[in-house]
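Here the structure comes first, spelled out in structure tokens, and everything after it is commentary.
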Amino acid sequence: MSELFTKPTLLLVDDEARITRSLKMLFRTEFDVLTTDNGHEAIEMARQQTISVVISDQRMPIMSGVEVLRGIREVSPNTMRLLLTGYADLAAVIGSVNEGEIFRFLQKPWDAEQIRADVRAAAEVAELSFAAASRQDLQPAISAAKARTGILLLDRDPLAHELVRRATPPSNPLFWARDLDEAMELLDQQDIGVMVADVMDGQASHVGAIKALKQTHPDLVTIVLTQLRDYELLVGLINQGQVFRFHPKPGHVGTFTKNMQSALDYHQVLQLQPETRKRHAVAKSTKPLLTGLSDRVMGYFRRMGVN
Amino acid sequence: MSSPLRALLEPVLPLSADMALSDVTDRFQQGGFERMLSLAVVDETNTPVGLISRHALMELLLNKYSRDLFGKRPIRFFMNAMPVIVSLSDATTDVISTVTSQIRIPIVEDFIFTEIDGTYAGMGSVADVLKMVEQRLGQRNQALAKANQEIKASQAHLIQSEKMAALGQMVAGVAHEINTPLGYVGNNVQMAQEMLAQIQVLLQEYEQLFDGLVNQTAEPQEIESRIQSIASIREDFDVVSDLADLTELFQDTRFGLKQIGEIVQSLKNFARVDRATTDRVNLIENIETALTVGQHHLKNKVTIEKRFELLPDVPCAPSQINQVLLNIFTNAAHAITHDRGRLLIRTYVRGEFACISIEDNGSGIPEEHVARIFEPFYTTKKVGEGTGLGLSISYRIIKDHGGDIRLATKEGIGTRFEISLPINGPAVSNDDNEITEGIDSAMAPDAQITAGMLSPNQDELSEDTTKVGSVQA
């Protein structure tokens with residue numbers, strides 16, 4: 001194919017050469033593909049050139065995938081980061097979100113069509129982010145709006161409320177929704193930028209709603225506060241819910257305050273640079289997201305075009 | 001009648017201390033208390049002050065004229081003034097111990113029961129107390145036997161759940177091990193399929209061009225358009241280099257399938273379900289199998305160095321030996337917390353024994369743990385991370401094979417395990433290796449770990465740096 005435009009760069013990090021060889025062949029027509037088996041080298045590459053998308057393995061001898069992605073996030077925050085792993089490693093899932101702020105958590109063995117779609121989507125976002133970054137200063141001034149951004153807690157647990165209350169800056173209003181109906185009402189009426197939610201509320205699951213909300217409110221930043229340690233569930237929340245942070249319950253106020261700050265900052269970035277919202281574009285779920293929700297909540301999502 | 005002591009109580013009437021000897025003799029002759037060897041003597045407040053037995057009375061009356069001489073004298077002059085007295089409010093065990101320790105032998109008397117206030121309640125027979133003791137011992141034996149059974153059952157249960165936990169971990173690890181080759185194999189096949197479709201389209205164009213040229217049926221512009229179409233396909237698809245890539249993809253794919261096959265095979269070998277439980281086995285194969293199965297613990301963490309001397313086939317239960325090896329490999333992997341991990345595995349023959357030595361450069365075992373390392377349930381891992389059964393089971397397995405398992409360890413340097421198995425199978429009678437039942441005997445006193453046994457190498461863990469542990473019961 002003639003090189004009329006420059007292909008975006010894709011970096012593959014894996015200690016198994018057969019994996020990088022295979023993926024390189026899958027992507028070479030659409031991307032300039034770089035490969036390495038060394039995390040330090042990967043970070044160095046991201047520092048020196050524009051890398052749109054990086055896919056890293058998790059278990060590698062020198063550096064873990066989470067460490068590689070965290071390093072790349074530091075030197076090149078606009079590079080879209082994907083983790084590809086064959087191990088159901090809960091710490092890796094949590095680390096990839098909290099430290100790597102990843103776009104997708106992919107699992108081996110993968111489906112070629114699916115990974116193509118994910119990497120294409122990531123490249124599109126990266127292009128917008130890099131373009132936006134070259135246009136304006138990356139550090140938006142602390143606006144007055146940030147200080148007033150509302151925080152919504154969706155969890156009956158009074159201990160969670162206490163934690164969130166203590167982590168909420170005094171100027172930011174905190175709204176407490178005991179159930180999804182109340183949450184929907186508050187989201188409609190108030191200017192809410194950060195949602196803190198447990199994935200389970202007694203027998204009711206908020207998983208579907210958390211995922212659906214990312215579609216209807218792309219600049220809503222979600223912190224999941226939970227004691228649940230379910231690998232598949234968390235992976236789903238990354239890929240379909242673009243959850244910003246996983247925080248264990250009961251939470252530590254210090255770390256939670258940091259997470260809250262990051263979430264408020266990130267919400268502002270999303271508002272000032274609308275193109276960055278796409279960083280949170282979610283994967284289509286194969287199963288219907290909304291089951292077992294109240295008619296009102298269902299109606300709400302239906303009107304917003306989510307099924 | 002709440003206290004079991006009440007069952008021993010014989011409420012026979014006591015004698016008054018002032019009762020004349022001849023009247024007492026009459027009472028004994030009248031009878032009515034045949035089970036009793038004696039009667040109690042009480043004072044005017046009904047408090048026991050002594051006891052007179054048939055035996056004492058008869059001895060008295062054996063003397064000629066004694067009835068005539070002493071008949072009018074009160075019984076208090078003839079009674080045993082120091083009888084065994086117990087209270088009904090005493091604990092049964094106390095009563096038993098008082099009676100059995102204080103009663104005089106031969107047994108010619110009974111003992112006296114008093115009420116809580118110290119007044120006379122009745123008599124008790126020593127024979128009844130002994131019967132009660134026997135009954136209680138029987139009950140206690142039963143309870144002990146039951147407790148023992150329960151302990152055995154729960155130990156067996158624990159061993160089983162340890163096995164299941166280890167198996168679960170192993171299966172999860174191995175399943176993940178397969179995911180990597182499965183990843184590229186699937187991707188390669190999917191790409192090959194896509195490429196094949198491209199090749200098909202290209203080939204069709206070539207065919208039609210060829211047919212048109214050979215049959216001379218095609219118009220020049222048709223040929224021209226075919227050539228253009230072929231040229232445009234070739235822009236996307238370079239037959240020479242893409243087919244070369246495809247060849248490479250297939251090479252990788254076959255490698256991946258072979259790897260998956262090996263993993264599956266090693267799982268099968270590990271369990272050895274398809275082979276006799278005891279067999280003549282090449283131990284080096286066992287090592288390889290256990291290494292493959294334990295790969296996910298060792299991969300990326302440990303360099304494995306093998307120095308294998310040929311070993312004769314050894315009669316053993318291969319799946320059990322695999323279990324022992326995997327346990328030691330896993331422990332070694334857990335002990336290595338730095339990134340220069342090294343595992344040296346050696347095989348050699350020493351006399352009548354085939355030996356496997358496994359040496360890691362992990363954290364080593366602190367001195368205070370060394371002596372207890374083969375004890376069941378002894379673990380330094382956190383709750384939920386280990387049951388502490390792994391090494392004790394390994395020890396049992398090797399001992400049951402007539403072999404031995406020893407270790408040398410030094411904190412900060414590493415640990416070396418040596419397994420030795422008799423080449424000709426376990427000796428028929430070997431006092432040292434007496435096979436005992438149950439895991440409670442896993443800490444046999446013969447598990448001496450000696451420096452001499454573990455010195456023949458020139459590695460870091462040499463004799464002078466090695467803290468040699470000694471395992472004692």
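Residue numbers start from 1 in every chain, and the chains themselves are labelled A, B, ... in the order their sequence lines are given, proteins ahead of strands. Remember, it's a predicted structure, so these values are computed and weren't measured experimentally.
- Residues A:Gly86 and B:Asn179 come closest through the heavy atom pair O-ND2, 2.7 Å.
- Within 6.0 Å of CD on B:Gln259 lie more than 12 heavy atoms contributed by other residues, nucleotides or ligands.
- Within a 6.0 Å sphere centred on CZ of B:Arg254, other residues, nucleotides and ligands contribute 12 heavy atoms or fewer.
- Other residues, nucleotides and ligands place more than 12 heavy atoms under 6.0 Å from the CD atom of A:Gln49.
- Within 6.0 Å of atom CZ in B:Phe250, 12 or fewer heavy atoms from other residues, nucleotides or ligands are found, so the atom counts as exposed in its surroundings.
- Other residues, nucleotides and ligands place no more than 12 heavy atoms under 6.0 Å from the CZ atom of B:Phe210.
- Contact of B:Leu182 with chain A is made through backbone and side chain together, with heavy-atom distances under 4.5 Å.
- Atom NZ of A:Lys24 and atom CG of B:Asp245 lie 9.5 Å apart (nearest 0.5 Å).
- Contacts of A:Gln107 with chain B are absent, with no heavy-atom separation under 4.5 Å from either backbone or side chain.
- Proximity to chain B (any heavy atom under 4.5 Å) is shown, for A:Leu23, by both the backbone and the side chain.
- Enclosure of atom CZ in A:Arg28 by more than 12 non-hydrogen atoms of other residues, nucleotides or ligands within 6.0 angstrom is indicated.
- Residue-level contacts of residues 189-196 of chain B with chain A, in order of numbering, are B:Gln190, B:Met191, B:Glu194, B:Met195; threshold 4.5 Å between heavy atoms.
- With B:Tyr184 as the fixed residue, the side-chain contact (heavy atoms from CB on, under 4.5 Å) test singles out one of A:Arg18, A:Lys108, A:Arg21: A:Arg18.
- Side-chain contact between B:Thr180 and A:Arg59 is absent, with no heavy-atom pair separated by less than 4.5 Å.
- Contacts of A:Asp111 with chain B are made by both backbone and side-chain atoms, with heavy-atom separations under 4.5 Å.
- Contacts of B:Asn188 with chain A are made by both backbone and side-chain atoms, with heavy-atom separations under 4.5 Å.
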